[in-house]
Amino acid sequence: MIVMKFGGTSVESAAAIERVAAIVGQREARRPVVVVSAMGKTTNKLLAIAAAAIEGDRAEYIRQIHDLRDFHSREARPVVPLDHRAELDRTLDDHFQELTELVKGLAVLGELTPRSIDAISSYGERLSSYIVTLAFRHFGMAAEHLDSRRVILTDKRHTQAAPNFPETYARLARTVPALAQNSVVVMGGFIGSTEDGVTTTLGRGGSDFTASIVGAGISAEEIQIWTDVDGMLTADPTILPGGHRVKTMSFAEAAELAYFGAKVLHPATVVPAIEKNIPVLILNSRRPEVAGTRIVADNVACGNVVKSIACKRKIALVNIHSTRMLMAHGFLRRIFEVFDRFETPVDMVATSEVSVSLTIDNLQRLDAIVAELQQFSQVDTEKCQAIVCLVGENIRYTPGVARRVFGALGGVNVRMISQGASLLNLSFVVAEKDLERTVAALHGEFFAELDPAVFERNEAVHA
Ligand code: ADP
Ligand code: ASP
Ligand code: MG
């Protein structure tokens, strides 16, 4: 068995779904289990509907729900067998009616809880998985829909739920292999449910995570993440277009890149894959002939020091100064307790004799955090910062990497540096306005020469 996950752009239209059916059809003998995201930007649209509801803008949310229904109906009809069209219409009606009731309820309450966010955002994957199942039948495959909420059991941390792995694996092993004997199994990513049957989600971008949970649960031979790029590239294409494809990397490198912003992979994806040692592939659903990126347990010998550069934007830097002459013992503990209490993860930390600098990417509770910290320290914050993170197993073995990095950066003001905590990354903070030229300079420095065993050169001209 293999798991094949298709992201939002890969199922955004009838034409895209037809491409997916062809890709899956060619691999039918490997008994694929297909995990799909919501179609196109559906999750964002559902969240916008919820936002309009709590603002009490009835005309607006009704219009948006109609648009979303039209979109699903328009894209689904051409890929659904004629004799299933009535069933399709009925199912769309049922789902959108239910959604409308839910949204009306929110409008009355005027309050959006994490639990209702999950209830609403789950419709994207529930609809896409159902539509893709019908489409596979239309294109001649036997296909069975499995509601992920029956098998992905999670805790109650709505919008960021964590799976109960043993129970989820047990349910997957009980259900999926039997279904996959004679059919392609289709499941929605991102969604799960609590013990009490309440719908949860695994966090934005969580369909990748679903794919690897399913892969681990059924001991798949491979987990394929099909998306809209050729694989993991040497730089985030939204910041620096024209990066080179990384043919192969280790789980550790992929995890680090994902955590520091390489959106192509949800950061939790590698966890189940590592546990069961299942290779993860990143592939392009528009160019299925490209070999993509293969992520494996073993370190891959590479002539380049750096495999890829990840970036995280919209970071805040928090500088905390001890009001005493030196840091008293217990100072760090007090600081981290505050971030812990406000459930705000810290990404990078640097300390000196009297001060601590750290970065966070969730700014929602920043004001409250600062107010607490000010009770025992002086605090200043800087928003609009970005973390740049160079990742490669060779960083730990290669002297002079920092010199090359800061040499290449010329006039860019570097705010904070971290190396050594994780041996395979070197990360630092710059102002967001400097991000593009920072990444371009580093890309020029570290990827002018490429080890052909590890990289496929992108022949497009670089800035
Ligand atoms: P999907 O909807 O298929 O899950 P995502 O939008 O979540 O796709 O992830 C794919 C996107 O990740 C790419 O379009 C690209 O903009 C972004 N990305 C960020 N960093 C990288 C990188 N290093 N390599 C490839 N893509 C990256
Ligand atoms: N549809 C969800 C999102 O947009 C999950 C995913 O696409 O991975 O975040
Ligand atoms: Mg994604």
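Whatever order the structure lists them in is the order used to number ligands and atoms, beginning at 1.
Close approach of ligand 1 to Val229 (heavy-atom distance below 4.0 Å) involves ligand atoms 13 (C), 14 (O), 25 (C), 26 (N). For ligand 1, the atoms lying closer than 4.0 Å to a non-hydrogen atom of Thr238 are 16 (O). Within the listing of ligand 2, atoms 3 (C), 4 (O), 9 (O) sit less than 4.0 angstrom from a heavy atom of Arg204. Taking a cut-off of under 4.0 Å to the non-hydrogen atoms of Ser37, the atoms of ligand 2 that pass are 6 (C), 7 (O), 8 (O). Of all atoms in ligand 1, listed by their number and element, those nearer than 4.0 Å to a heavy atom of Gly231 are 24 (N), 25 (C). Interface of Gly8 with ligand 1, defined as ligand atoms under 4.0 Å from a residue heavy atom, comprises 2 (O).
Paired with Lys312 under the rule side-chain hydrogen bond (donor to acceptor under 3.5 Å, both in side chains), one option of Asp347, Thr359, Asp236 passes, and it is Asp347.
Atom CD1 in Ile152 sits 12.5 Å away from atom OG1 in Thr201 (nearest 0.5 Å). Between Ile65 atom CD1 and Leu46 atom CG the span is 9.0 Å, to the nearest 0.5 Å.
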- Start with the C-alpha distance between Asp118 and Thr200, add both sets of side-chain angles, then the distance that settles side-chain hydrogen bond (donor to acceptor under 3.5 Å, both in side chains), and finish with yes or no. CA-CA 5 Å; Asp118 278 352; Thr200 53; 5.4 Å; no
- Item | salt bridge (charged side-chain N to carboxylate O under 4.0 Å, His left out) between Glu98 and Arg126, worked out | CA-CA 12 Å; Glu98 219 181 270; Arg126 286 158 65 186; 3.2 Å; yes
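In the model, Arg204 has no side-chain atom that pairs as donor or acceptor with a side-chain atom of Thr43 under 3.5 Å.
In the candidate list Asp208, Ile282, Thr9, Asp228, Asp228 is nearest to atom 14 (O) of ligand 1, counting heavy atoms. With Arg204, Lys307, Lys263 as candidates, the residue nearest to atom 5 (P) of ligand 1 on a non-hydrogen basis is Lys263. The closest heavy-atom contact to atom 3 (O) of ligand 1, among the options Val264, Thr227, Ile225, comes from Thr227. Among Lys5, Arg245, Met232, His266, the residue whose heavy atom sits closest to atom 4 (O) of ligand 1 is Lys5. Around atom 2 (C) of ligand 2, the closest heavy atom drawn from Glu125, Lys41, Met39 belongs to Glu125.
In this pair, Tyr130 and His95 present their aromatic rings parallel. The plane angle is below 30°, not in the 30 to 60° band. The aromatic rings of Phe455 and Phe447 sit perpendicular to each other, their planes meeting at more than 60°, with 30° as the lower class boundary.
Residue-to-ligand polar distances place Ser207 within reach of ligand 2: an N/O pair is separated by less than 3.5 Å. Every N/O-N/O distance between Lys5 and ligand 2 stays at or above 3.5 Å. Of the polar atoms of Gly205, at least one N or O is found under 3.5 Å from an N or O of ligand 2, judged by distance alone.
Between Arg245 and Asp230 the shortest heavy-atom distance is CD-O, 3.3 Å.
Residue contacts with ligand 2: Gly206 is included, with a non-hydrogen atom under 4.0 Å away. Distances shorter than 4.0 angstrom do not occur between any heavy atom of His266 and any atom of ligand 2. A heavy-atom separation below 4.0 Å is found between Pro237 and ligand 1.
Taking the ring centre of Phe209 as origin, the terminal cationic atom of Lys5 falls outside the region bounded by 6.0 Å and 45° from the ring axis.
Among all non-hydrogen protein atoms, the one lying nearest atom 23 (N) of ligand 1 is Leu233 O, 3.2 Å.
In this structure, Glu60 pairs ionically with Arg63, as a charged nitrogen and a carboxylate oxygen lie closer than 4.0 Å.
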